[in-house]
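Here's the structure we're looking at; comments come further down.
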Amino acid sequence: MATTKQPSPGERARELREQLEDANRRYHVLDDPAIPDARYDELLHELVLLEEAHPELVTADSPTQRVGGAPSSEFPPYRHEIPMLSLANAFDEAGLRAFDARVVKLAGAPAAYVCELKIDGLAISLRYERGALVSAGTRGDGETGEEVTPNIRTIRDIPARLPAPVPARIDVRGEVYLKKGDFEKLNASRAAAGHALFANPRNTAAGGLRQKDPRLTAGRRLSFFAYAAGAFDGAGRRPISQSELLDALEAMGLPVNPHRHRCATIDEVRDFCAKWEAERDSLDYEIDGVVIKVDDLALQAKLGYAAKDPRWAIAFKFRAQEARTKLLDIGINVSRSGKLNPYAVLEPVQLGGVTVRMATLHNEADIVRKDIRIGDTVTVRRAGDVIPYVAGPVLELRPKKTRTFELPERCPVCHSKVDHPPDDVFSYCTNVACPSQLRERIRHYCSRGAMDIEGVGDVMANALVDAKLCRDVADLYDLTGQRMSLLPRMGERSIQNVLDAIEGSKRRGLARLLSALGIRYVGGQNASLLAGEFGAIDAIAAASEDELSAVNGIGPQIAESVAFFFRQPSNLAVVERLGRHGVDMTAPRRPRVAAGPLSGKTLVLTGALPNLTREAATELIVAAGGKAGSAVSKKTDYVVAGDEAGSKLAKAESLGVPVIDEAGLRKLLSS
Ligand code: IVH
């Protein structure tokens, strides 16, 4: 019988390192993971144990040195054998053309260029000897930087070893950066831990590289793109152009940005710059421009340097998308649905070519979470064409006197009470007659599923509000032919049609009226549950939260919202006037079912059933003694799914809750 020979610890360590390096490379450079993360962790753990038992086997480039490693007490100076240069900038097409004109003049002929994205991170130089990463340093003043080798070793897409064949010695230059997604994750976990948030990916990356303890660098999940070489000896044919160099770096196993393009003319260069300025937000990392390099390396050498900048390259800088300015005040806008939207009043500032005076402040919770205060200097950002937003305060510049933002207790438009639902990041105006909500409220009241008043859509609702004919929905019933004749483009005939439709709406019944009032969380289904239970609007208005939530199918959140609605005097006044106009506010009460075929069962409806509306199906379920739930859980007995069922169906399937269709529901009802 053949025995398999156990590898020696040294052999096993080498094997593990190769597997881990390969997995790293597949994961980060080729974007093609070879093994699951858990397997990676297992292999890494085995190597850690092996190295702990045999410290003599630890190598500087072992993947175990990426996480942890001894904290360095300081950063030794790092001399660059070939200086790391900076670049002159171009800010517009004229700048690009001036650059090209000088190249053509000095070269005596038109030159081809390579365009690369200008990654917004920080430059680093990596020294590889016979394929092994031996040291790494920041740019510093270009001659001398700081040695940050242990920190660099924690970056998973910087290979510790380049697969053969490799040059005897190469300084790989590139950019260390933080992906937007990783930045968001990092900040989310900082927020959860109650730590201050990082301002932007670039600073976070820069700060990460300068950590004294490499474990902290590892925690920032930095990334890397290679784009140049410094010292470079040995290994066969050397690249003769920048495009060949980039391909060679990629072939060595280094991550090279895929969005690079060789351009034969400066017009092509301009188009590449314009394309990426427009599309920068589609990338998962920040770029602040395009770097344009003469492709031919011999020509680069001929062009040489002017002062400290090369004559063969230029950085085309995008217009800034971020600026700092003072937050003068926080105002509040009330949306059509009653949502209170805070906005920033700013000291005017130039941003991306426009003067910005106002910016969005997402929501109140965000203002509190980011600790944005009136009087702060804030970072204002815009992405693409969207409205600028306040990213956060610049804490170093916080003046002694600032004012914290207070959640308003009264609507800034109508001064009614504001509701702050506990699980919501927004607050809401609670007054159905609030002028800022009026248009939307009228449109909703008249819509097909609500009071079904044909002829009053968006345009008409706006016209009624603009002409001050409707200050709330009850005013609809005060309309006369004479008043409506003041509206633009309204003939006698269409006026009469609208008046007839308004008259007809008085007979829709309580369920439709409840959903037409636009009470938060009260759509058709909940409205018919409430109507059938209480039979009259007065009874609902008088019910306590507990009485409301005792209704089959009405949860505490809905009960809270309904009770709140009927506590507001302005809402009660509208309801009272609707009653005086003869709007039917009653519904047949649902007989109490002691027991039925669905007693004790909870059913959740999703999607559109072929022959039953949501309300009708709910009625049938409740009449059969069942409960109509709104969310699927393990306690749900059946999900009744129709066409275009969405997440509830998926949830049912994942929880193993039986799913039936309309026919299945009818079978249950008659069982
Ligand atoms: S080439 C002489 N290529 O931009 C060549 N730089 O403003 C010098 N950068 O210090 C660098 N992406 O930190 C080059 N594809 C790219 C780049 C890039 C970002 C940074 C780099 C440099 C700065 C110059």
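Just so you know, ligand 1 is whichever comes first in the structure, and atom 1 is the first atom listed for that ligand.
- Judged by distance alone, the side chain of T402 and the main-chain N or O of D376 form no donor-acceptor pair under 3.5 Å.
- Looking at K293 next to ligand 1, an N or O pair under 3.5 Å apart turns up.
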Discussion item. For a ring-ring contact (aromatic ring centres under 6.0 Å, His included) check, start with the C-alpha distance between Y113 and F99, then their side-chain angles and the critical distance, and finish with the verdict.
Written reply: CA-CA 12 Å; Y113 301 102; F99 163 73; 5.7 Å; yes
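- Protein heavy atom nearest atom 11 (C) of ligand 1, with residue, atom name and distance: Y227 CE1, 3.8 Å.
- Remark: R238 is positioned above the aromatic ring of F232, its terminal NZ or CZ atom under 6.0 angstrom from the ring centre and at most 45 degrees off the axis.
- Relative to the six-membered ring of F426, K339 meets both conditions, a distance below 6.0 Å and an angle of at most 45° to the axis.
- When only interatomic distances are considered, the shortest N/O to N/O separation between V291 and ligand 1 does not fall below 3.5 Å.
- Between N89 and ligand 1, no N or O atom pair is found at a separation short of 3.5 Å.
- In terms of heavy atoms, A323 sits closest to Q350 at CB-O, 3.9 Å.
- Looking at atom 5 (C) of ligand 1, its nearest protein heavy atom turns out to be L87 CD2, 3.9 Å.
- In this structure, the protein non-hydrogen atom closest to atom 12 (N) of ligand 1 is I119 N, 3.0 Å.
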Practice prompt. Just do the salt bridge (Lys or Arg N to Asp or Glu O under 4.0 Å) check on D100 and R97 with the steps written out, would you?
Written response: CA-CA 5 Å; D100 180 53; R97 294 199 179 279; 5.8 Å; no
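- Contacts with ligand 1 closer than 4.0 Å are made by no heavy atom of M84, backbone or side chain.
- Looking at ligand 1, you won't find any N or O of A315 less than 3.5 Å from one of its N or O atoms.
- For atom 13 (O) of ligand 1, the closest non-hydrogen atom on the protein side is E175 OE1, 2.7 Å.
- For the pair D120 and R280, the salt-bridge criterion is not met [side-chain N within less than 4.0 Å of a carboxylate O].
- Using a 4.0 Å cut-off between heavy atoms, W312 contacts ligand 1 through its side chain alone, with no backbone atom that close.
- Residue, atom and distance of the protein heavy atom nearest to atom 8 (C) of ligand 1 are L85 O, 3.7 Å.
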Discussion item. Applying ring-ring contact (aromatic ring centres under 6.0 Å, His included) to Y285 and F225, what does each step give before you reach the verdict?
Written reply: CA-CA 11 Å; Y285 43 87; F225 280 127; 5.3 Å; yes
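- Remark: ligand 1 atoms within the under-4.0 Å shell around heavy atoms of P310 are 2 (C).
- Every heavy atom of A313 sits 4.0 Å or more from the atoms of ligand 1.
- At a 4.0 Å heavy-atom cut-off, ligand 1 does not touch D120 at all.
- At a heavy-atom cutoff of 4.0 Å, ligand 1 is contacted by the side chain of E116 but not by its backbone.
- Across all non-hydrogen atoms, the minimal contact from R220 to L178 is O-CD1, 3.0 Å.
- Of all protein heavy atoms, the one closest to atom 23 (C) of ligand 1 is K118 NZ, 3.7 Å.
- Considering both main-chain and side-chain atoms, S86 never comes within under 3.5 Å of ligand 1 through any nitrogen or oxygen pair.
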Practice prompt. Test salt bridge (Lys or Arg N to Asp or Glu O under 4.0 Å) on R169 and E129 and set out the steps.
Written response: CA-CA 5 Å; R169 197 172 69 117; E129 284 174 6; 5.7 Å; no
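- Salt-bridge annotation for E279 and K275: present, with a side-chain N of the basic residue lying under 4.0 Å from a carboxylate O of the acidic one.
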